[in-house]
Q: 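I have a structure I would like to understand better, so I am pasting it below and will then ask my questions one at a time.
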Amino acid sequence: MMRVTFLLPLLVLGGCITLLPEPPPPPRVFTLDAGDVARSESPRLSASLGVANPDGERAILGADLIWRTGQEIAYVGQTQWSGRADDALQSLLIETIARQGRFTGVTRSGEARNDFDIRWEVLDFEIDSQTMQARFRADVRLMASPGRRLIAQEIISAEAPVSDRSASVAAQALARAAREGGARIGVFASDAVAAELARRAASAD
């Protein structure tokens, strides 16, 4: 009897373990990178560029993919970027501008002494469920270094269609919008720097 009484709780405990719910599947993970970048045909500029980590809402710059319906945001369930969106967007922009080929060098701000710096705030980076568009929008400021003098500022935006509500389609559309936005930021920065260098040359004459 002693042995039976001792084993009974173990048998009950073993039964409880088998009745526990199975853990949820691991999240699907997507990368956010520069993809293919067209090289600029414009002349190379004698200037280097630093790119800061973007500012913005924590919700849209974290690891989760965002759906927006009006003023309400929701996370795409069981889906994440491979890292935080702010770090991935900074890397995407650096690689995009470097591969466009207009600057002598492009680094993260603070890694080297650069002639100019990009400061930017990501205003939108989500799926708009009403229009079924992936939206990227950023307030981009080009600063002269040293002195942090504002050279130019522009709101850069890009969109990509979302064909359905699957996680993979959402991630691909967001990546396309970010890549197009990054390319447009690169064009804005190089054109603004070219104009600034031309102004300096003219004032030196």
Side-chain angles (χ1 to χ4, degrees), residues 32-63 66 68 81 83-126 128 133-160 174-205:
L32 184 59
D33 53 38
D36 295 329
V37 178
R39 192 168 184 83
S40 175
E41 297 181 359
S42 299
R44 194 174 183 87
L45 301 168
S46 181
S48 60
L49 182 70
V51 176
N53 197 262
D55 296 321
E57 295 181 18
R58 289 181 297 174
I60 64 175
L61 292 180
I66 303 297
R68 182 184 292 272
W81 297 116
R84 288 185 53 86
D86 53 356
D87 294 333
L89 288 170
Q90 182 189 30
S91 296
L92 180 151
L93 184 56
I94 291 171
E95 182 178 354
T96 297
I97 297 177
R99 291 169 64 182
Q100 285 175 335
R102 295 294 309 276
F103 291 91
T104 56
V106 186
T107 68
R108 287 177 173 80
S109 293
E111 287 187 348
R113 180 177 295 178
N114 291 300
D115 302 300
F116 298 90
D117 280 289
I118 287 179
R119 297 285 186 270
W120 53 318
E121 179 182 1
V122 177
L123 305 174
D124 293 306
F125 186 49
E126 73 273 319
D128 186 331
Q133 294 282 327
R135 300 174 55 193
F136 171 88
R137 189 165 63 99
D139 178 8
V140 184
R141 300 173 299 280
L142 180 72
M143 317 293 291
S145 298
R148 305 297 188 206
R149 182 169 61 90
L150 180 65
I151 301 299
Q153 181 175 13
E154 188 169 328
I155 303 294
I156 305 291
S157 61
E159 295 184 344
L174 283 168
R176 288 198 304 272
R179 290 165 183 163
E180 179 61 28
R184 293 177 183 179
I185 292 174
V187 172
F188 156 74
S190 58
D191 287 349
V193 168
E196 174 65 12
L197 294 179
R199 185 196 64 80
R200 293 178 184 179
S203 63
D205 292 341

Q: Report yes if the side chains of V193 and D115 come closer than 4.5 Å at any heavy-atom pair, otherwise no.
A: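 Side chain of V193 against side chain of D115, heavy atoms only: no contact under 4.5 Å found.
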Q: What residues, two or more places apart in sequence or in another chain, satisfy side-chain contact (heavy atoms from CB on, under 4.5 Å) together with R137?
A: L123, D124, R135, I155, S157
Q: Sequence neighbours left out, what passes side-chain hydrogen bond (donor to acceptor under 3.5 Å, both in side chains) with R179? Give chain and number order.
A: D33
Q: Enumerate the residue pairs fulfilling salt bridge (Lys or Arg N to Asp or Glu O under 4.0 Å) with a member in residues 51-63, sequence neighbours excluded, ordered by first and then second residue.
A: none
Q: With rounding to the nearest 0.5 Å, note down the distance linking CZ in R119 to CZ in R148.
A: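 So the CZ of R119 and the CZ of R148 are separated by 4.5 Å.
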Q: Counting only N and O atoms by type, is there a donor-acceptor contact under 3.5 Å from the side chain of S48 to the main-chain atoms of T104?
A: no
Q: Would you be so kind as to tabulate the donor-acceptor pairs closer than 3.5 Å made by side chains of residues 139-147, with sequence neighbours excluded?
A:
unit_1: D139; atom_1: OD1; unit_2: Q153; atom_2: NE2; d: 2.9
unit_1: D139; atom_1: OD2; unit_2: Q153; atom_2: NE2; d: 3.2
unit_1: S145; atom_1: OG; unit_2: D117; atom_2: OD2; d: 2.6

Q: Which atom pair, heavy atoms only, marks the closest approach of A138 to W120?
A: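 What the structure gives for the nearest pair is CB-CE3, 4.2 Å.
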Q: CG of L32 to CG of L174: how many Å apart, nearest 0.5 Å?
A: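 Spacing of CG (L32) from CG (L174) equals 8.0 Å.
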Q: If a pair satisfies salt bridge (Lys or Arg N to Asp or Glu O under 4.0 Å) and one of its residues is in residues 86-99, list it, with sequence neighbours excluded.
A: R84-D86, E95-R99
Q: Who pairs with T96 by side-chain contact (heavy atoms from CB on, under 4.5 Å), at least two apart in sequence or on another chain?
A: A34, V37, L92, Q100, A183
Q: Among all residues two or more places apart in sequence or in another chain, which pass the side-chain contact (heavy atoms from CB on, under 4.5 Å) test with Q90?
A: V51, N53, P54, I94, R108
Q: Report the residues that fulfil side-chain contact (heavy atoms from CB on, under 4.5 Å) with E196, sequence neighbours left out, ordered by chain and then residue number.
A: F116, R149, I151, R199, R200
Q: For the residue pair A194 and L45, what are the closest heavy atoms and their distance?
A: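 Taking every non-hydrogen atom into account, CB-CD2, 3.8 Å.
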Q: Which atom pair, heavy atoms only, marks the closest approach of A152 to A192?
A: CB-CB, 3.8 Å
Q: Considering all heavy atoms of both residues, which atom of A177 and which atom of A134 are nearest to each other, and what is their separation?
A: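 Minimum heavy-atom contact is CB-O, 3.7 Å.
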Q: If every non-hydrogen atom of A52 is compared with every non-hydrogen atom of S109, which pair is closest and at what distance?
A: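 Nearest heavy atoms, A52 then S109: N-OG, 3.1 Å.
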Q: What's the shortest heavy-atom distance between V106 and I97, and which atoms?
A: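 Answer, listing the atom of V106 first, then I97: CG2-CG2, 3.8 Å.
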Q: Which of parallel (below 30°), tilted (30 to 60°) and perpendicular (above 60°) describes F136 and F125?
A: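 Perpendicular: the ring planes of F136 and F125 meet at over 60°.
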Q: Can you tell me how far apart CG (L49) and CZ (R102) are? Round to the nearest 0.5 Å.
A: 11.5 Å
Q: So, using side-chain hydrogen bond (donor to acceptor under 3.5 Å, both in side chains) as the criterion, who are the partners of R176 when residues are at least two apart?
A: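 Partners of R176 under the side-chain hydrogen bond (donor to acceptor under 3.5 Å, both in side chains) test: none.
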